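One structure is given below, encoded as structure tokens.
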Amino acid sequence: MSAIRSGVELSSERKDQIKAIVCDVLEVDPAEVLDTTLFVEELDADSLRTLEILAEMERTLGIDLAQAPIEGMINLDGVYAVVAEFEAK
Amino acid sequence: MTAGQRADGRRVVVTGMGAVTSLGTGILDFADSLRAGRSGIGPLTAFDAAGFAHANVGEVGGFEAADWFRRADPQEYGRAAQFTVAATRQAVQDAGLEEDVLRERRVLVSIGTTDGGTRELDRLAELRFTGGQIRPDPKIARLTRAERISDAVVDELALEDVESVTVPVACAAGNYAVGQGLDALRTGEAELALCGGADALTRKTFAGFYRLGAMAPDVCRPFDTDRAGMLVGEGAGMLVLETLDSALARGARIHAEILGYGLSCDASHPVAPDRDGVARAVSAAHRDAGVTGAQIDYICAHGTGTKANDKVEAAALRDVFRPGPPADRRDQVDARTQYGGRQRAGSHRLRPRHEPPLPAADREPPGDRPGVRRRLRAQHLGGRRAADHPEQRNGFRGQQRRTGPGPLRRPGIHGRTAGGGVTTHTTALPVITAWSALSPWGEGADAFREGLAGDREAVTTVDSAFWPGTPVRAGVVPGIRIEYEGTRGVRSLDRLTRLTLLLSGMLLDDQGGSTGAEPEDTGMVFATSGSVKSCLDFTTSTYTGAKPFHVDPSRFPSTAANCAASRSAIWYGFKGPSTTLTGGTVGGLLALAQAGRLLRQGRAEVLLAGAGEEYTEDRVLLEEALYTGEGQAPPLAEGGALFLLETAEGAAARGRTPLAVLRGSRFRAYHPERGGSAEQALLACVTSLLEESGTDAADIGLTVGSDPSGTLGEAEDTALAAVFARTGAGAKPRRIALRHRIGHGGSAAPAFQTAAALCADGEGPLRAPVLVTSVEDGRVGAVLLGRPAG
């Protein structure tokens, strides 16, 4: 499955950057995280962690996610979709 | 029966009020604004708001500190402390207290805050960023300490017989302060209490809440379907508290009686509120006050207007108040309790004497607040009489505190009958049953004992973080395991929090991993000055990012001084009182005093009490700025010590042998410009402590002094010599000093001293009383430990 909600496919480099941020914030081994692994249910995250992911992406990727639907960021696919939507604009 | 009857006759009343708010300075202006439905919310001007999409706040405009200061120099205090002095001056005047009368009383000054001196720390961060100024400007550095807030009151009123403490526990802080005043008056440890809360707007906290998405774009709409978050404000609210007998004796006008308060710690999440934690605090307040939910006429809710808080708080209130709670007026002043809850207490106490119901400004139609609406109507219709139905005030998440002040119409307490007290408080003295230390001598009590016995030098050199290659002398904890390899959830914790987690864990490990009491009955009282580095770094990141809110939200909790104790509570599941105190170097002794008070009032079964500080070069630079310049400050020590405090009966029930009895504590301030000296103050402090505890100086086996260098050290020596010269007994007690070996531990210093005191007779219980003293500029304190019974 890929992030194609807005018809934009993220580059694999971009995805790697995002995954690194997610794994760093959630303090998990990247090998344990699939694109569909659920942050809250499977990785013991909470809403603050999701917010940390968003904040870290804004900071290090230089993107503005102020209007992003954070509720959709339940797994890597969800995060890719949010970023793809931003890049489509 | 009516509410709040106490068997011991120590009922506590409010006789003075003062307020500095965005709605006006002075209780009358404040009340007029509330009645007129004015809003104090407007565009931020306190600092550059560029880069924030929205920045509405409740800012105090046109405040002139010089209008309120009569004795102290306003320039010596930060904005929050200046607000506090203004509110205190009003409250003292309102109470009809002459200064010399006030000065003859034994006073507790306790003031809650979220940000302490962060407004001024923000300025240091700004100067560091814009001007590359690493070394803090000494003029600003002086203003940055949180305890300057309570110090300002002590200095301005020239109080001497005073215990002065600032309580940096975020939104619930003002309630903590009032509760502390209530307890100190009940136990007789104070005759008068000046309590309240104060905060100044800070860039650090604004950016933090903005990043969390908690800030409303326009106005705060508590308990509304369309609520979009909170707003921050600033100001101060102060109360004069005294016993009913005292108020009646001097014919004072009584605004209200404080019936009780309750406290709890969620021990679940640093940011998300917890329904059970809120409900437990409310229920505890009702028990303490001897009231039921049905008797409560009015609730001043925390009501931040965030989605999470209001939902959880409303649910918790419904749990306690069936079928539904009465309502509140948060949205006019600020959404968050930037005053630590205090200003609201002032506003509510107005009701009994100013009858018109106070409207809610900017209020949208009630949405998802069933029960709230119904009760609001009932209240406006005057359906209940205030004297029979106390009001209630809520604060924060994570740390919960509820007070239930009962309005009185006039002195004399009409509509009340005698009845039994409900608090199971005890006059028995608390005991220390275990302790642990994390010190420059190493990890654990054994390492501490060995270092002390060997008088081992533990001050070493650390490489400068700012000027690599330059050595910094400091007492750091060697080989510290604060990295917690492989442990999740600690990534963003600062050094102080990690040290405190480790220290708490060591003490618990020695007890087989548990205190033996229920989580709800286990708490923590911790003195610290917090992490200066966390605050400076966080504010700096508001400048270095592309946007001012490009901060790391996970670092935000660390910028609060209560982070270390709160994280320990979360980590180890302490759901009882979680208190953080700051009071300068005597802080570690203040924590023991407060823990003893909580135990005697039955607010916890077991408390981990003590103090801790971290080593960071930022702390070193601040200390150096406070002294006369580079190289003048003593080397700093980090780490801390924690003591397990419980009642003697509790200790027996849990199978622990007391090591010492906490026989008492005493604190004083002195003012050189009024002829006061450290020597006289300490002599008076120790003399009254010995008298109060019925201790003969000749029986004291050991003294552990604070060992400061220079004239303060001489003053401590002379005062102690005078104490023992009077006994007529030939031999003076042994004396231990440790600062010159491990460095200056800040508020942790007295905790190290207390640990040293407990080493007096090896690993066993004390065989003779030990006196622990602390002396710093303007403040002294002493704690007396005794031999346990049996």
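Sequence lines set the chain letters: A, B, ... in the order given, protein chains first and strands last, and positions in each chain run from 1. Predicted, not measured: the structure shown is a model, and the values here were computed from it.
Under a cut-off of 6.0 angstrom, the local environment of CD in A/E13 is sparse, with at most 12 non-hydrogen atoms contributed by other residues, nucleotides or ligands. Atom NZ of A/K19 is surrounded by more than 12 heavy atoms from other residues, nucleotides or ligands within 6.0 Å.
Only the side chain of A/L54 comes within less than 4.5 Å of a heavy atom in chain B; its backbone stays farther off.
Contact detail for A/L48 and B/P553: the closest heavy-atom pair is CD1-CB, 4.5 Å. Shown here for B/H550 and A/R59, the closest heavy-atom pair between the two residues is O-CD, 3.0 Å.
B/K547 has its side chain out of reach of A/D64: every pair of non-hydrogen atoms, C-beta onward, lies at least 4.5 Å apart.
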